[in-house]
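Atoms considered below: every heavy atom in the structure, side chains included; atoms not considered: hydrogens, waters and symmetry mates. Labels below follow one simple rule: chain letters A, B, ... track the order of the sequence lines, proteins then strands, and each chain is numbered from 1.
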Amino acid sequence: MTSQKPSAGLDDAARLLDLVPFLLSHQGISIAELAKKFFVTPEEITSDLTTLWMCGLPGYTAYELIDLSFDSGFVTISNAQTLDRPRALERNEALALLLGLETLLEEISSTNADLASSIAHLIEKISVKVGESAALRVKAGSPTASALRAKISEAMDSRAFLRISYHSSAHDEIGERIIEPLEFSSLNEMEYLEAFCQSSNGFRTFRMDRIISAQIHHGVEVAPKVDSNVSEPATIAFSLRVLDRARDVFERFSLNSLSLASLESTREIPAQSFSSEWTLREVMSLGGAVAISSPESLRSAVRDRAQRTLAGYSNPSY
Amino acid sequence: MASRKSERLINLTMALLATRRYLSKSEIFRTVDGYTGSDESKERMFERDKDDLRRIGIAIEVRSLDPLFEDEPGYRIHPESYSLELGDLSGTEIAILSLAAQAWRGAALGASAQSALVKLHSLGIESDFDSLPALSPKVSVDSANFLPLAQAVSDRTRVSFTYLSAQLIQEKRVVEPYGLGSRKGIWYLVGRDLSRDAMRTFRLARILNDVELERASGIFSVDLDFDVLEFLDSHLFVERAIAQVRLRIGKGHALRNGAKILSSDGEFDLCEISYQSQDRFIDQLLWHGEDAVVDSPQELRDRVISKLNSLVSAHD
């Protein structure tokens, strides 16, 4: 891990060193493919190859120089000399692999013992490269829905539809929907799936941890043309009075710094959401730390629900 | 200009890898292509090149060539320290490592994961994905502070940052970072908060600025067996208690996960639910409104009732 700014050309040098062993194991690869593998343009790769062609061992005759051919657009290499082995992993690279492996292990350990032991074995090997017991001190421990994500990715790649079973939190209901998955996104450390939802004929965002199952859908429904009928969830505006737990309020209602300023002056902040049911439940869950000031309909809805809930407590517990 | 420089770096690396004995500077300047100009400028170039190679992870070994005259150092690169040594790897293992690298798509260590993958693929071992189930893991790290904090943890460097307190006050914290870990998709920094002289846990998402690393490293010590996830489990989720809650039939899906149904009266299921933090559990119960009623423990029941009363009076 380097903290100082590397000098110009250092990234290039690192890439040149990594190109040689990669080419040795991928003889005949096209310049375009190579550029993609190294995340640079074909022009940069061509310039890299031109530079490499001048490099070699002291003496610098044809015997000592690295020999490359790439006129045809396909690259072959010989005489790689001392650069024939890939370089050791840098600390960040080892750390990336280690955390990726830990995430993987977390997900499969209960279902596939053989695979789990292979992963554990690799974790041991890579930990040594991270060194200094740092391996124990930077750790990913989040179970994520790997098999689910793989199924959704498969549908995206083949442009297939999915039938999902989804827990709608605002309504506390589990329902089936037919969706066309578009892309994954993340916000506030939560992972989401953006999709076109046939069931509601609109673009919808689904929280990954609430998708209970997903199957490739082989039905014959054709996606309706995206036109003016496509529904966008409407936003509702409301105003909150913050009495306590300001950070929780701030985070749960995804407030911005603008509302932070008005919070400091008046404790009153404007907010919006896509669902009044969701807003109602968020306010309930904050248990009196926040109150709806307007609209009146939402304000009385919170009061009614709190009173109905209290009624459930009027019977002695049994 | 940049390509002349990288050309020289490659030539230097190749020469230092090829030699079995330590090369003196004058030998290097005489034989390695690219060192030109006055003696002084060659020296400067070489010092710079050594630092640059170290920065991309290539260790140049230095040893005195003549035990009697210590001012004549020699240089070489050990092939074993230069190259990737992970022992024998099977096609399945390469495939597993590829999945691990792909878990970083778009996240903090994405570029490092990709360059690691290029190195692994350079070993010339065919990946064997057929033996693996279809998996697509994902490490979720949004914070730009992840990488500097990981560095600070591993170098044992003090860090300072602005943190959002529960009262929404921006506080300056100076921390000796012990570890970085995630639970339920949320990343935490664990360390000794110097102003409070106590261990504290910080959510990365609540760090408001770019963390600053102090220069000195290795200035505090961490127990060798310190395990960040164990720490998080024992400090973040300490309460671990069991409640009996009546859940309306067909409702309370999030609460039913892992719950045990004890009995049912046609309208409600009486469920046994275990929870880790009472505060968070109360938030969750209130979210469900009249679909969730606590029977026991009494203390939990009382706290919920009191919060419901506050809700009513706040909305009167």
Side-chain angles (χ1 to χ4, degrees), chain A residues 1-2 6 8-10 12-14 16 21-22 25 51 54-55 57-58 60 82 85-86 88 90 92-93 96-97 99-101 103-104 125 133-134 136-142 144 146 149-150 153 167 172 189 246-247 281 284-285 287-288 291 299 302-303 305-306 308-310 312-313 317, chain B residues 2-3 5-7 9-11 14-15 17-18 31 33 52 55-57 83-84 86 100 103-104 109 112-113 116 119 122 124 134-139 150-151 153-154 166 168 179-183 185-186 227-229 251 253 283 286-287 289-290 293 295 305 307-308 310-312 314-315:
Chain A
M1 249 176 269
T2 58
L10 197 50
D12 295 347
L16 289 171
F22 190 82
S25 57
T51 305
M54 317 284 286
C55 296
L57 288 172
Y60 306 102
T82 48
R85 297 270 305 159
E90 287 180 50
N92 277 0
E93 294 170 338
L97 291 180
L99 292 173
L101 288 169
T103 306
L104 198 56
K125 277 188 179 178
S133 83
L136 261 186
R137 298 195 280 124
V138 181
K139 262 194 174 178
S142 332
T144 50
S146 199
R149 202 177 297 104
S153 302
H167 176 217
D172 194 11
E189 300 178 291
R247 186 176 64 191
R281 286 178 184 270
M284 284 287 290
S285 119
R299 189 178 160 80
V302 175
R303 187 180 56 232
R305 182 163 301 177
R308 277 204 308 279
T309 308
L310 271 173
Y313 283 89
S317 58
Chain B
S3 81
K5 155 113 181 175
S6 30
E7 196 181 311
L9 286 173
I10 306 303
N11 283 331
M14 290 180 77
L17 271 169
T31 59
D33 206 19
D52 279 347
R55 244 171 247 160
I56 56 173
S83 57
L84 185 66
L86 289 174
W104 285 94
L109 285 172
S112 297
K119 288 177 177 174
S122 302
L135 292 171
S136 176
K138 186 168 165 32
V139 181
Q151 184 185 345
V153 165
S154 116
L168 218 57
L180 206 53
S182 76
R183 273 289 180 236
I186 294 171
D227 184 324
V228 67
L229 292 186
K251 289 288 181 186
H253 300 289
D283 287 359
L286 288 169
W287 171 280
E290 66 261 44
V293 180
D295 273 8
I305 292 173
K307 295 228 174 202
L308 287 165
S310 312
L311 271 163
V312 173
H315 290 84

Derivation and outcome, side chain to side chain contact (heavy atoms under 4.5 Å, CB included), residues A/Glu93 and B/Leu109: CA-CA 8 Å; A/Glu93 294 170 338; B/Leu109 285 172; over 6 Å; no
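Of all heavy-atom pairs spanning A/Gly287 and B/Ser310, the tightest one is O-CB, 4.0 Å. A pairwise comparison of heavy atoms in B/Leu180 and B/Ala150 identifies CD2-N, 3.7 Å as the closest pair.
Per-residue counts of heavy-atom pairs under 4.5 Å with chain B were compared for A/Gly288, A/Ala306, A/Cys55; the largest is that of A/Cys55. The candidate with the highest count of non-hydrogen atom pairs below 4.5 Å against chain B, out of A/Lys125, A/Arg85, A/Arg299, is A/Arg299. Most heavy-atom pairs under 4.5 Å with chain A: of the set B/Ile10, B/Val312, B/Asp283, B/Leu286, this distinction falls to B/Asp283. Ranked by heavy-atom pairs shorter than 4.5 Å toward chain B, the options A/Leu16, A/Leu97, A/Thr82, A/Asp172 are led by A/Asp172. Heavy-atom pairs under 4.5 Å with chain B were tallied for A/Pro58, A/Ser25, A/Ala150, A/Pro86; the largest tally goes to A/Pro86. Contact count versus chain A (heavy atoms, under 4.5 Å) is highest, among B/His253, B/Lys251, B/Met14, B/His315, for B/His315. Highest contact tally toward chain A, considering only B/Gly57, B/Ala113, B/Ala18, B/Ala100, is held by B/Ala100 [criterion: heavy-atom pairs under 4.5 Å].
Legend: residues meeting salt bridge (charged side-chain N to carboxylate O under 4.0 Å, His left out) with A/Arg247, ordered by chain and number and at least two apart, are absent.
Between the side chain of A/Tyr60 and the main chain of B/Asp33, a donor-acceptor pair closer than 3.5 Å is present.
Rounded to the nearest 0.5 Å, atoms OG1 (A/Thr309) and CG (B/Leu311) are 8.5 Å apart.
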